[in-house]
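Inspection log for the structure reproduced underneath, given as structure tokens.
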Amino acid sequence: MKKVTSLGEASSSGPATPEAYRAAVIGTGFMGRVHTHAVRAGGGEVVGVAGSSPAKAEQFRAAHRIARAHDDALELIHRPDVDVVHVCTPNHMHAPLSLAALAAGKHVVCEKPLATDAETARDLTTAAREADRVAVVPFVYRFHPMAREARAQVAAGAIGKVSLAHGGYLQDWLLYPEEDNWRVDPRVGGPTRAFGDIGSHWCDMLEFVTGDRITAVSAQTSRINDSRGENGGRAVTTEDLVTFQFATAGGAVGSAVISQVSPGRKNQLVLEVSGTEGSLRFDQEHPETLWAGGRGRTGIISRDDPALSPDASRMVTLPVGHPQGYQDCFNALVTDTGAAVAGGAPEGLPVFADGLRAAVLAESVLASARERRWVDVPAHEGPVSEACAARAPITGVDGA
């Protein structure tokens, strides 16, 4: 496998042709299924799977016609026929598994959050750089064609100087107190839930589309259920929702609402960006179009627009009228990961430095809410995509 020398940089010549993509998938939940499908959609092979138990790994192997199931995730990582390790486990296992994969010379696709604290995320980013491996975090909403179009229009100055951004990410899957999940346990999911799980996606979209950075936040968190489970047996300490204001390095201001307890909202990520000449609005639940507004007129841009930017056009894989969605985004991310493994530098591939950025933002949001004040967001190295572990059995790795 070729090494990558310029992760996250744009390539004017387009992505390279991927070499063979032989993947290990660790985690047998929803994300394991999504990653498995995406590897195959890009022409790769899932050569092995590991889960939290031999029974779960074998069940997943049989259901998805994978060659091998492994009792030990580290054994799978060290197999010579594995090129890329896909870490699809609960959050607390992301760092040890990713570090083990990098130490074994493997490329890594690690689900977000990259780590449950910024210091560990920084260690992972350093390890990936020193190992000279492709190391990806799936901020997949970047891979909607109309999100790419919004980014291209902002970069081209179509809406003028950005002055305001707002929106949010709303879900309802944890509305009722009897609804529970490993993400609720801070020992497994980390100290932040709503922001770490979905607010990180919104902030990544904001910074990716605008090319700007959040420099300060003022946040509030709230929890509507203090206990969860059928008998209320789990005490809850993480947040159900977050609201925050922010300022950016480029002089824009804005706000966002993040919630996992908004009745009727299933997966609504909305970003609206306003500038001195126009506005753009992207809604992930209606990803086929981009709303564009100005003083004189408003309109809808669809992905069959002949004037679509080259980066948006390359994400169009189906004729209009055949909707593209979430799985298509994952397929595109894995395709671009394969291109990076082959030595290319596909535009907008989210790497470990982007996962570090999300961890830094999460800690700033929590500090602001806890201390009830504006908090400056520390700067750190690496893109939001500029335009070790000891060998031992690992448990609890099934994931979402």
Side-chain angles (χ1 to χ4, degrees), residues 4 7-21 23 25 30-46 83-84 86-88 107-112 134-152 201 204-205 207-209 267 269 271 282-290 301-305 308-352 354-355 383-387:
V4 172
L7 282 181
E9 296 177 0
S11 171
S12 59
S13 59
T17 301
E19 298 178 358
Y21 192 108
V25 171
F30 170 69
M31 295 315 306
R33 297 194 298 273
V34 170
H35 282 247
T36 295
H37 183 93
V39 169
R40 289 171 168 169
E45 177 187 5
V46 178
D83 305 313
V84 187
H86 287 246
V87 179
C88 310
H107 306 284
V108 180
V109 179
C110 178
E111 267 302 323
K112 45 118 275 280
V134 177
V136 170
V137 177
F139 287 116
V140 293
Y141 300 121
R142 294 182 178 195
F143 289 82
H144 281 297
M146 304 319 294
R148 294 293 176 119
E149 181 62 17
R151 181 179 188 236
H201 273 297
D204 181 77
M205 278 286 286
E207 296 192 338
F208 182 69
V209 166
N267 201 50
L269 186 159
L271 172 65
F282 174 76
D283 182 345
Q284 195 277 147
E285 288 190 335
H286 303 280
E288 298 287 276
T289 59
L290 179 69
I301 304 169
S302 67
R303 62 180 175 87
D304 64 344
D305 191 315
L308 216 61
S309 66
D311 195 38
S313 294
R314 81 179 182 92
M315 296 296 165
V316 176
T317 57
L318 294 171
V320 171
H322 301 76
Q324 288 184 218
Y326 178 77
Q327 184 66 61
D328 297 290
C329 289
F330 254 98
N331 298 351
L333 176 133
V334 171
T335 295
D336 275 7
T337 300
V341 166
E347 174 67 24
L349 183 66
V351 295
F352 272 21
D354 299 306
V384 168
S385 212
E386 282 100 15

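- The structure places CE of M31 at 3.5 Å from CZ of F330, a figure rounded to the nearest 0.5 Å.
- Smallest separation of non-hydrogen atoms from P287 and M146: O-CG, 3.2 Å.
- Judged by distance alone, with hydrogens and angles left aside, the side-chain atoms of Q327 form no donor-acceptor pair with the main-chain N or O of H37 at under 3.5 Å.
- Using a cutoff of 4.0 Å between basic side-chain nitrogens and carboxylate oxygens, D336 and R142 are not scored as salt-bridged.
- The residue from T337, V46, V334 that alone fulfils the side-chain contact (heavy atoms from CB on, under 4.5 Å) condition with H86 is V334.
- Nearest heavy-atom pair, V351 versus V137, reported as atom, atom and distance to 0.1 Å: O-CG2, 4.0 Å.
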- Please step through side chain to side chain donor-acceptor pair (under 3.5 Å) for the pair S302 and D304, ending with a clear verdict. CA-CA 5 Å; S302 67; D304 64 344; 2.3 Å; yes

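- Annotation for F139 and D354: closest pair CE1-O, 3.8 Å, computed over non-hydrogen atoms.
- Here CD1 of I301 is found 12.5 Å from CZ of F282. Values are rounded to the nearest 0.5 Å.
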- Message: Go through it in stages, so that I can follow the logic: the residues are N267 and E285, the test is side chain to side chain contact (heavy atoms under 4.5 Å, CB included), and I'd like the CA-CA distance, side-chain angles, deciding distance and then a yes or no.
- Response: CA-CA 7 Å; N267 201 50; E285 288 190 335; 4.1 Å; yes

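- The distance from the CG atom of D305 to the OG1 atom of T289 is 12.0 Å, given to the nearest 0.5 Å.
- Looking at heavy atoms from C-beta onward, H35 lies in side-chain contact with P138 at the 4.5 angstrom threshold.
- Proximity of a side-chain donor or acceptor of E288 to a complementary backbone N or O of Q324 within less than 3.5 Å is detected.
- Between F143 atom CZ and T317 atom OG1 the span is 12.5 Å, to the nearest 0.5 Å.
- Closest non-hydrogen pair, V140 versus H201, comes out as N-CE1, 4.1 Å.
- Taking every heavy atom of both residues into account, C88 and G32 meet most closely at CB-N, 3.8 Å.
- Between H144 atom NE2 and Y326 atom OH the span is 9.5 Å, to the nearest 0.5 Å.
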- Please assess V341 against D83 for the test side chain to side chain contact (heavy atoms under 4.5 Å, CB included), listing each intermediate value before the final yes or no. CA-CA 9 Å; V341 166; D83 305 313; 5.8 Å; no

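- The shortest non-hydrogen separation linking L318 to R303 is O-NH1, 2.5 Å.
- Taken to the nearest 0.5 Å, the CG atom of L308 stands 12.0 Å off from the CZ atom of R148.
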